[in-house]
Amino acid sequence: MHAMQYEITLPADYDMGVIRHRVATRGHLLDDFPGLGLKAYLIRERADGAPVGQYAPFYLWAAPEGMNAFLWGAGFQGIVDDFGRPEVRHWSGAAYDDGPAAGAVPRYAARRRDRIGEGERPANAVGRAVAAHARLVREDGVVAAAVAVDPRHWELVTFSLWADAAPEGAGDVFQVLRVSQPRRAALRRGRHW
């Protein structure tokens with residue numbers, strides 16, 4: 001599994017209806033995209049107390065070929081054409097699981113990014129994150145969750161989808177406008193090593 005996200009930060013007065021319309025009219029195009037485990041179409045709005053207005057989709061790829069086909073194909077080029085070329089963060093998968101609310105439509109997502117300290121053993125940090133993930137996916141309301149690692153910047157990311165509001169302290173909270181999940185069943189469950 002590979003995790004991927006780009007964030008498009010929008011002007012304070014940007015009409016988020018434009019993003020909602022974009023997702024409503026184009027989101028279905030990834031409903032059968034090869035190699036895509038799931039894509040959560042996420043937004044944050046200043047009107048809801050977020051520090052910025054953003055469109056920030058989050059992807060879990062079942063196969064790297066799918067991620068590459070998206071990035072070098074028409075799908076991502078549409079983002080580039082409309083918003084400019086955003087920085088694309090990506091992480092190597094460490095764990096994925098469905099939660100107790102796996103069949104529910106997620107309404108919120110949480111993303112937490114944590115740096116692995118300079119003097120910390122990477123295996124210890126990743127092991128702790130995977131253990132925390134195992135506890136997280138047992139919480140009521142969790143639809144699915146993943147933990148992944150960027151070994152270039154030594155950053156851990158924990159991503160979770162929630163049927164209702166994400167709990168306080170879960171990280172940056174986003175509204176989920178839609179989820180495309182053509183290969184969600186192909187995402188490997190549990191620890192990825």
Trainee: Do Val52 and Glu7 come close enough that some side-chain heavy atom pair is under 4.5 Å?
Mentor: no
Trainee: What heavy-atom pair brings Arg183 and Pro34 nearest, and what distance separates the two atoms?
Mentor: NH2-CA, 4.1 Å
Trainee: Assess the residue pair Val142 and Trp162 against the criterion (side chain to side chain contact (heavy atoms under 4.5 Å, CB included)); give the C-alpha distance rounded to whole Å, side-chain angles, the decisive distance to 0.1 Å, and a yes or no.
Mentor: CA-CA 5 Å; Val142 172; Trp162 298 83; 3.4 Å; yes
Trainee: Do Met16 and Leu10 have side chains that get closer than 4.5 Å, going by heavy atoms?
Mentor: yes
Trainee: Please answer whether the main-chain N or O of Pro151 pairs with a side-chain N or O of Trp154 as donor and acceptor at a distance below 3.5 Å.
Mentor: yes
Trainee: Heavy-atom distance under 4.5 Å between the side chains of Glu155 and Ile116, does that happen here?
Mentor: no
Trainee: Side chain to side chain contact (heavy atoms under 4.5 Å, CB included) between Met1 and His192: does it pass, once the steps are laid out?
Mentor: CA-CA 8 Å; Met1 176 188 76; His192 289 199; 3.5 Å; yes
Trainee: Is the shortest side-chain heavy-atom distance between Tyr55 and Thr9 below 4.5 Å?
Mentor: no
Trainee: Does Asp97 pair with Arg138 as a salt bridge, N-O distance under 4.0 Å?
Mentor: no
Trainee: Give the cluster check for Val88 versus Leu42: same hydrophobic cluster or not, with ILVMFWY residues linked at side-chain heavy-atom distances below 4.5 Å.
Mentor: no
Trainee: Please identify each residue that fulfils side chain to side chain donor-acceptor pair (under 3.5 Å) with Gln77, with sequence neighbours left out.
Mentor: Asp81
Trainee: For residues Ile79 and Phe58: do they belong to one hydrophobic cluster (side chain heavy atoms under 4.5 Å, members Ile, Leu, Val, Met, Phe, Trp, Tyr)?
Mentor: no
Trainee: Does one hydrophobic cluster hold both Leu156 and Leu136, with members joined at side-chain heavy-atom distances below 4.5 Å?
Mentor: no
Trainee: Roughly how far, to the nearest 0.5 Å, is CZ of Phe83 from CD1 of Ile8?
Mentor: 5.0 Å
Trainee: Membership question, hydrophobic clusters at under 4.5 Å side-chain separation (ILVMFWY): are Trp61 and Leu187 in the same one?
Mentor: no
Trainee: Going through the checks in order, is the ring-ring contact (aromatic ring centres under 6.0 Å, His included) test met by Tyr59 and Phe70?
Mentor: CA-CA 11 Å; Tyr59 302 74; Phe70 175 76; 5.2 Å; yes
Trainee: Show, in sequence, the C-alpha distance, side-chain angles and deciding distance for Tyr96 and Arg184, and conclude whether the side chain to side chain donor-acceptor pair (under 3.5 Å) test is met.
Mentor: CA-CA 10 Å; Tyr96 170 83; Arg184 182 172 165 189; 3.2 Å; yes
Trainee: Show your working on side chain to side chain contact (heavy atoms under 4.5 Å, CB included) between Val157 and Asp150 and close with a plain yes or no.
Mentor: CA-CA 8 Å; Val157 65; Asp150 171 357; over 6 Å; no
Trainee: Which residue, Val143, Leu30, Leu60, forms the side-chain contact (heavy atoms from CB on, under 4.5 Å) with Leu38?
Mentor: Leu60
Trainee: Is atom NE2 of His90 surrounded by more than 12 heavy atoms (other residues, nucleotides or ligands) closer than 6.0 Å?
Mentor: no
Trainee: Can you list the steps and then say if Asp164 with Arg107 is a side chain to side chain contact (heavy atoms under 4.5 Å, CB included)?
Mentor: CA-CA 6 Å; Asp164 294 310; Arg107 295 182 53 224; 3.6 Å; yes
Trainee: Are Val149 and Val147 connected into the same hydrophobic cluster when the rule is that any two of I, L, V, M, F, W, Y join if their side-chain heavy atoms are below 4.5 Å apart?
Mentor: yes
Trainee: If I compare all heavy atoms of Gly93 with all of Ala148, which pair ends up nearest, and what's the gap?
Mentor: CA-CB, 4.0 Å
Trainee: Less than 4.5 Å apart, side chain to side chain, heavy atoms only: is that true for Pro182 and Leu36?
Mentor: yes
Trainee: Is there a donor in the side chain of Asp31 and an acceptor in the side chain of His28, or the other way round, less than 3.5 Å apart?
Mentor: no
Trainee: Tell me if a side-chain donor or acceptor on Ser180 pairs with a main-chain N or O of Leu29 at a distance below 3.5 Å.
Mentor: no
Trainee: Compile the donor-acceptor pairs under 3.5 Å between side chains in residues 170-177 and protein atoms, sequence neighbours left out, one pair per line.
Mentor:
{"residue": "Asp172", "atom": "OD2", "partner": "Arg111", "partner atom": "NH2", "Å": "2.6"}
{"residue": "Gln175", "atom": "OE1", "partner": "Arg20", "partner atom": "NH2", "Å": "3.1"}
{"residue": "Gln175", "atom": "NE2", "partner": "Glu45", "partner atom": "OE2", "Å": "3.0"}
{"residue": "Gln175", "atom": "NE2", "partner": "Asp48", "partner atom": "OD2", "Å": "2.7"}

Trainee: Measure from the side-chain N and O atoms of Arg115 to the backbone N and O of His153, and report whether any donor-acceptor pair falls under 3.5 Å.
Mentor: yes
Trainee: Is any side-chain heavy atom of Gln54 closer than 4.5 Å to a side-chain heavy atom of Ile43?
Mentor: no
Trainee: With a 4.5 Å limit on heavy-atom distance, are the side chains of Val126 and Trp193 in contact?
Mentor: yes
Trainee: Answer yes or no on whether Arg89 is positioned over the face of Trp91, meaning its NZ or CZ is under 6.0 Å from the six-membered ring centre and within 45° of the axis.
Mentor: no
Trainee: Could you check whether any side-chain heavy atom of Leu71 comes within less than 4.5 Å of a side-chain heavy atom of Met4, counting everything from C-beta outward?
Mentor: yes
Trainee: Are Tyr6 and Arg85 close enough that a side-chain donor and a side-chain acceptor fall under 3.5 Å?
Mentor: no
